[in-house]
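Structure first, then comments.
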Amino acid sequence: MYGNEREAGEAVRKSGVPREEIFVITKIYPGAQYANPEQAIRDALDSLDIEYIDMMLLHHPGENDVKAYKAIEKFVEQGKIRSIGLSNWYIEEIDDFISQVNIMPALVQNEIHPYYQEREVVPYMHNLGIVMQAWYPFGGRGHTCALLGDETIVKIANAHNVTSAQVILRWHLQRGVVAIPGSSNPEHILENISVFRFSLSDEEMSAIAALDRGEKHDWY
């Protein structure tokens with residue numbers, strides 16, 4: 001539904017980076033794709049044209065989601081997809097869902113940021129052996145500036161001589177949450193990956209934990 005699989009696949013092929021060093025995730029969406037998942041998966045493989053997909057996600061719960069997941073499982077058996085995950089799944093849905101499928105989801109990808117921390121969901125998924133991933137690590141469209149300018153985060157950033165974005169990414173990592181920030185700015189991309197030379201103290205982690213407002217910025 002994002003309309004960028006063909007371009008993403010072309011970028012992978014032309015990058016000069018060995019295929020096994022690039023991890024490609026795509027999704028299928030409720031509605032027509034869940035109703036005919038085999039065709040949706042074949043379309044994704046054809047559009048990407050990169051031999052295999054590292055991970056395929058279900059975009060969010062919906063009619064025929066178990067059917068769609070089981071179709072992905074068949075492509076895993078064929079080696080065309082390497083792993084499976086879910087997006088926008090929470091505690092109330094996960095137990096019933098995994099009881100109906102054969103392969104445990106490797107990952108659950110949700111909105112997570114300092115103003116919406118999912119303090120119950122993250123450890124619950126971790127206890128199931130599922131990796132958590134944040135698709136709005138900086139709060140999302142229209143909210144990023146407020147989060148990067150938060151007084152608490154700025155104070156911590158200044159103490160470490162890093163940026164607010166780096167503090168937030170480091171906070172995600174120390175919680176065991178994979179963050180996927182998006183940027184087309186080379187300087188920001190470099191900044192986003194340069195978060196392994198410092199760590200946050202327990203006090204700093206607690207200060208960021210105290211920012212949780214339960215403030216969800218998207219509808220999923």
Non-hydrogen side-chain atoms of Tyr115 and Asp150 separated by less than 4.5 Å: yes
Whether Asp49 side chain and Glu10 backbone form a donor-acceptor pair below 3.5 Å: no
Atom pair CD/CG of Gln39 and Asp46 - distance to nearest 0.5 Å: 8.0 Å
Check: Gln166/Ser194 side-chain N/O donor and acceptor closer than 3.5 Å: no
Which atom of Ser164 lies closest to which atom of Val154, heavy atoms considered: OG-CG2, 3.7 Å
Euclidean distance, Ile193 CD1 relative to His188 NE2, rounded to 0.5 Å: 15.0 Å
Shared hydrophobic cluster, Ile41 / Ile50 (ILVMFWY, side-chain heavy atoms < 4.5 Å): yes
Beyond-backbone contact of Arg6 with Leu48, side-chain heavy atoms, under 4.5 angstrom: no
Flag side-chain contact, heavy atom, 4.5 Å: Leu173 against Phe196: yes
Transitive ILVMFWY side-chain link Ile103 to Ile81, under 4.5 Å: yes
Connected via hydrophobic side-chain network under 4.5 Å: Leu45 and Ile22: yes
Check: Gln174/Arg170 side-chain N/O donor and acceptor closer than 3.5 Å: yes
Approximate separation, where rounding is to 0.5 Å, of Thr152 OG1 and Leu211 CG: 4.5 Å
Polar side-chain atom of Gln117 near backbone of Ile208 as donor-acceptor pair, under 3.5 Å: yes
Under 3.5 Å side-chain donor-acceptor pair for Asn88 and Trp135: yes
Which residues share a salt bridge (charged side-chain N to carboxylate O under 4.0 Å, His left out) with Arg19, sequence neighbours left out: Asp54
Val108 and Leu128: CA distance, side-chain angles, deciding distance, side chain to side chain contact (heavy atoms under 4.5 Å, CB included) verdict: CA-CA 11 Å; Val108 168; Leu128 291 173; over 6 Å; no
Heavy-atom pair with the smallest gap, counting every atom of Asn110 and Ser87: OD1-C, 4.0 Å
is_close_aromatic(Tyr69, Phe97), centroid dist under 6.0 Å: yes
Short side-chain to backbone donor-acceptor contact, Thr144 and Arg141, under 3.5 Å: no
Geometric class of the His113/Tyr116 ring pair [parallel <30°, tilted 30-60°, perpendicular >60°]: tilted
Student check: side-chain heavy atoms of Tyr34 and Leu58 closer than 4.5 Å: yes
Test item: Arg119 side-chain N/O and Asp212 main-chain N/O as donor-acceptor pair under 3.5 Å: no
Any residue meeting salt bridge (charged side-chain N to carboxylate O under 4.0 Å, His left out) with Glu73, in chain and number order, not counting sequence neighbours: none
Ile91 to Met125 - nearest heavy-atom pair and separation: N-CE, 4.4 Å
Test item: Asp43 and Gln33 side chains (from C-beta on) under 4.5 Å apart, heavy atoms: no
Gly139 versus Leu147, closest heavy-atom pair with distance: N-CD2, 3.8 Å
Side-chain touch Met55/Arg82, heavy atoms, less than 4.5 angstrom: no
Hphob cluster co-occupancy, Ile84 + Val131, side-chain heavy atoms under 4.5 angstrom: no
Shared hydrophobic cluster for Met132 and Met205 (ILVMFWY, side-chain gaps under 4.5 Å): no
Pairwise side-chain contact, Tyr90 with Glu120, heavy-atom cut-off 4.5 Å (strictly under): no
Chi angles and distances behind the side chain to side chain contact (heavy atoms under 4.5 Å, CB included) call for Leu169, Phe138: CA-CA 8 Å; Leu169 293 175; Phe138 297 142; 3.7 Å; yes
Polar side-chain atom of Asn64 near backbone of Lys67 as donor-acceptor pair, under 3.5 Å: no
Within 6.0 Å of CG in Asn161, more than 12 heavy atoms from elsewhere: no
Gln109 versus Lys27, side-chain donor and acceptor atoms under 3.5 Å: yes
Under the ring pair (Phe, Tyr, Trp, His ring centres under 6.0 Å) test, residues paired with His126 that sit two or more places apart: none
More than 12 heavy atoms from other groups under 6.0 Å of CD on Glu187: no
Distance, nearest 0.5 Å, that separates NZ of Lys80 from CD of Glu51: 8.5 Å
Exercise: identify the closest heavy-atom pair between Pro61 and Pro30: O-CG, 4.3 Å
Stepwise side chain to side chain contact (heavy atoms under 4.5 Å, CB included) check, Tyr136 with Ile112: CA-CA 6 Å; Tyr136 265 176; Ile112 307 173; over 6 Å; no
Counterpart residues, salt bridge (charged side-chain N to carboxylate O under 4.0 Å, His left out), relative to Glu111 (two or more places apart): Lys216
Results of ring pair (Phe, Tyr, Trp, His ring centres under 6.0 Å) for His172 - residues two or more places apart only: none
Reported CD1-to-CE distance for the pair Ile28 and Met56, which is rounded to 0.5 angstrom: 6.0 Å
Residue list, ring pair (Phe, Tyr, Trp, His ring centres under 6.0 Å) with His60, at least two apart or on another chain: Tyr29, Trp219, Tyr220
Over 12 non-hydrogen atoms of neighbours within 6.0 angstrom of CD in Glu20: yes
From CG (Asn158) to CD1 (Ile153), nearest 0.5 Å: 12.0 Å
Check: Leu86 and Ile130 side chains under 4.5 Å, non-hydrogen atoms: no
Nearest atoms (heavy-atom pairs only) where Pro105 meets Ile98: CD-CG2, 3.7 Å
Tyr124/Ile94 under side chain to side chain contact (heavy atoms under 4.5 Å, CB included): CA gap, chis, key distance, verdict: CA-CA 10 Å; Tyr124 194 88; Ile94 191 68; 3.7 Å; yes
